[in-house]
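Just so it is clear, the structure is predicted and the values come from calculations on it, not from any experiment.
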Amino acid sequence: DGGDLYDESMELPSKVGLRHKMRKRCQEHNLSVSQDAVEALHTTLEQYLKNIISACQLVAEMRRGGGAGATLREDQASITPEDFAVAMALQPELMGQEKAMNFERLMVIQHW
């Protein structure tokens, strides 16, 4: 299930940590993983998360009346679940290949 590839720190693992965990997992199945593959995965995940956060920040800035390009002050830096939902509705490609299912899940969670 991949649960062993992350921990509860709520941070993206370092490339070194990710490689160690991936190697351990691969060894269980007599596979190997190259450093290039780990770096590609890490970079891709990092950029994907940055894209999601940027989209949410833009919605939050617009909602607060700052307009595009305005930046949130530190005391306004929170992104609400509504900001996330609007950002995903405006840029559904950020939801991945199963956009419809993921958006439906988001709506259920948001109204829970």
*Asks:* Which value, rounded to the nearest 0.5 Å, describes the distance between H20 atom NE2 and R25 atom CZ?
*Replies:* 13.0 Å
*Asks:* Show which side-chain atoms of residues 79-93 pair as donor or acceptor with protein atoms under 3.5 Å away, not counting sequence neighbours.
*Replies:*
residue	atom	partner	partner atom	Å
T80	OG1	E82	N	3.4
T80	OG1	E82	OE1	3.4
T80	OG1	D83	N	3.0
T80	OG1	D83	OD1	3.3
T80	OG1	D83	OD2	3.1
D83	OD1	R63	NE	2.6
D83	OD1	R63	NH2	3.2
D83	OD2	R63	NH2	2.7
D83	OD2	T80	N	3.0

*Asks:* Look up atom CG in L49 and atom CG in L94, then write down how far apart they are to the nearest 0.5 Å.
*Replies:* 10.5 Å
*Asks:* Apply side-chain contact (heavy atoms from CB on, under 4.5 Å) to A40 and list each qualifying residue two or more places apart in sequence or on a separate chain.
*Replies:* none
*Asks:* Look up atom NZ in K50 and atom CG in L45, then write down how far apart they are to the nearest 0.5 Å.
*Replies:* 12.0 Å
*Asks:* What is the minimum heavy-atom distance between V33 and M22, and which atoms define it?
*Replies:* CG2-CE, 3.7 Å
*Asks:* I'd like to check the side-chain contact (heavy atoms from CB on, under 4.5 Å) partners of Q27; sequence neighbours left out, ordered by chain and number.
*Replies:* none
*Asks:* Say whether, by atom type as modelled, one donor and one acceptor occur between the side chain of Y48 and the main chain of T43 under 3.5 angstrom.
*Replies:* no
*Asks:* Can you tell me how far apart CD (E46) and OG1 (T44) are? Round to the nearest 0.5 Å.
*Replies:* 10.0 Å
*Asks:* Which heavy-atom pair separates S78 from A60 by the least distance, and what is that distance?
*Replies:* O-CB, 4.4 Å
*Asks:* Are there more than 12 heavy atoms of other residues, nucleotides or ligands under 6.0 Å from atom CD of E104?
*Replies:* no
*Asks:* Can you tell me how far the CE atom of M95 sits from the CZ atom of R105, to the nearest 0.5 Å?
*Replies:* 9.0 Å
*Asks:* Would the number of heavy atoms belonging to other residues, nucleotides or ligands and lying under 6.0 Å from CD of Q47 be above 12?
*Replies:* yes
*Asks:* Under 3.5 Å, is there a donor-acceptor pair between the E61 and Q57 side chains?
*Replies:* no
